[in-house]
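What follows is a short report on a single structure.
All values derive from a computational prediction rather than experimental measurement.
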Amino acid sequence: MPVNPVRSFLRPGLAANGMSISVVVAAAVAGVGVYSLYLRRTSNNAESKGTFASFGFTSLRLQSAEMVNHNMRHLRFELPDPNAKSGLSLTSAVLTISFPNGGWIPVIRPYTPVSELDDKGYIELMVKHYPGGKQSTHMHSLQPGDKLIFAPIKGYAWTPNKHAHVALIAGGAGITPMYQLSRGILGNPEDRARVTLVWGVNTDDDIFLRDEFAALERKFPGRFKAVYAVAEPGPGSKHAAGFITAKLLEGAGLGAAEREKEGGDVKVLVCGPPPMEKAIAGTKGWGGKANGGVLAELGFTPDQIHRF
């Protein structure tokens, strides 16, 4: 059931501005009225197109949760209508809103669902726990039956067949939008783009989607390839040791010579911790030229690169 966000977002304003009770009440009444009107006008469309087909705040109940490795938790949240899809588009995400420990200031973090866009009745998230992370700690503490507030946010607008080859470079938990996009491209019979995934992680255990990507490689030979870089590989690891480098990307088929064979039509999407994104994509310098970064070493231009 949609949740009125007025109460949630008035609370920090009260503390910061010292607003009088009468002003707060008036603002709350006005806000509820406007939001109620919005809900009446959009509820029918939202039900027919999906829970998150239009912007709005929705409270979802946690159905199940399980740890998939030492710091990654898989959570499934029930949609209000068990027969409805999420209504999210490819590469879109959700904002999660919580008030950990009964606090007054909301904690807001985006996550990209790992469930299929056509799945009905639920969405699934993979949430990595960060020591001291307010939202990740809260979400790792949730138990089945607990609720969390969500709102949809649009992501990178992928156009089928706009690019012959797309390279997805991820670090850590930044893999989730890449997983969603990979499945969306490969699952669309009209889209013939080739996908190369490069994922950098700390340890072998952090490759929590290894089986899923292996399945895509078997199902789409010649169109999908996954390459991993492990900072601290375990004994017998089959993956490249260290970080994502120009040499690793060249070995994955992203060097200048390989790109030239495809006419240079390669789009690169990057998602990961800020230091990793900077090391890979650099920054934009004067005139739009790339300033540093592994991709610049390989001859990629800023217009070929998108950061999630």
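By the ring-ring contact (aromatic ring centres under 6.0 Å, His included) test, Y122 is found to be paired with no residue, residues two or more places apart in sequence or in another chain being considered. With sequence neighbours left out, Y111 forms a ring-ring contact (aromatic ring centres under 6.0 Å, His included) with no residue at all. Partners of H140 by ring-ring contact (aromatic ring centres under 6.0 Å, His included), not counting sequence neighbours, listed by chain and number: H129. When the side-chain contact (heavy atoms from CB on, under 4.5 Å) test is applied to S92, the partners found at least two apart in sequence or on another chain are L88, S89. When the salt bridge (charged side-chain N to carboxylate O under 4.0 Å, His left out) test is applied to D211, no partner is found at least two apart in sequence or on another chain. Annotation: salt bridge (charged side-chain N to carboxylate O under 4.0 Å, His left out) contacts of R109 (sequence neighbours excluded): none. Residues satisfying the salt bridge (charged side-chain N to carboxylate O under 4.0 Å, His left out) criterion with E116, sequence neighbours excluded, are R183. Every residue two or more places apart in sequence or in another chain that forms a side chain to side chain donor-acceptor pair (under 3.5 Å) with T96 is listed here: Q135.
In this structure, Y179 has its ring center at least 6.0 angstrom away from the ring center of W199.
Each side-chain hydrogen bond (donor to acceptor under 3.5 Å, both in side chains) pair with one or both residues in residues 266-279, not counting sequence neighbours, would appear here, but there are none. The side-chain hydrogen bond (donor to acceptor under 3.5 Å, both in side chains) contacts involving residues 228-247 comprise D204-S237, where partners must be two or more places apart or lie in separate chains. Screening residues 150-164 for side-chain hydrogen bond (donor to acceptor under 3.5 Å, both in side chains), with sequence neighbours left out, gives W158-D191, H163-D265. For residues 71-98, the pairs satisfying ring-ring contact (aromatic ring centres under 6.0 Å, His included) are F77-F150, with sequence neighbours left out.
Using modelled atom types, no side-chain atom of N101 and backbone atom of G103 make a donor-acceptor pair closer than 3.5 Å. When atom types are taken as modelled, the side chain of T137 and the backbone of K134 share no donor-acceptor pair closer than 3.5 angstrom. Counting only distance, with no hydrogens or angles, the side chain of E258 and the backbone of G255 share no donor-acceptor pair below 3.5 Å.
Residues L79 and F52 form a side-chain contact, since some pair of their non-hydrogen atoms from C-beta on lies under 4.5 Å apart. Residues L60 and P80 form a side-chain contact, since some pair of their non-hydrogen atoms from C-beta on lies under 4.5 Å apart. At a threshold of 4.5 Å between non-hydrogen side-chain atoms, the residues F224 and T196 do not count as touching. Annotation: side chain of M276 is not in contact with side chain of F243 (no heavy-atom distance under 4.5 Å). Residues L75 and L62 meet the side-chain proximity criterion, which asks for heavy atoms closer than 4.5 Å. Using a 4.5 Å cut-off on side-chain heavy atoms (C-beta onward), R223 and I185 make contact. In this structure the side chain of P113 reaches within 4.5 angstrom of the side chain of Q180, judged on heavy atoms.
A distance of 11.5 Å separates CD of E78 from OG1 of T51, quoted to the nearest 0.5 Å.
Criterion: ILVMFWY side-chain heavy atoms under 4.5 Å apart, direct or through other members. Under it, M67 and V127 are not part of a common hydrophobic cluster.
Taking 4.0 Å as the cut-off between side-chain N and carboxylate O, D118 and K85 count as a salt-bridged pair.
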Is there a side-chain contact (heavy atoms from CB on, under 4.5 Å) between L209 and I207? Walk through the geometry before answering. CA-CA 6 Å; L209 291 172; I207 309 175; over 6 Å; no
Working note: R73 + M126, criterion side-chain contact (heavy atoms from CB on, under 4.5 Å); need CA distance, chi angles, decisive distance, verdict. CA-CA 6 Å; R73 197 182 195 207; M126 288 285 199; over 6 Å; no
Does V198 form a side-chain contact (heavy atoms from CB on, under 4.5 Å) with L168? I'd like the steps, not just the answer. CA-CA 6 Å; V198 182; L168 309 178; over 6 Å; no
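Counted by atom type alone, T203 and D205 present zero donor-acceptor pairs between their side chains at under 3.5 Å.
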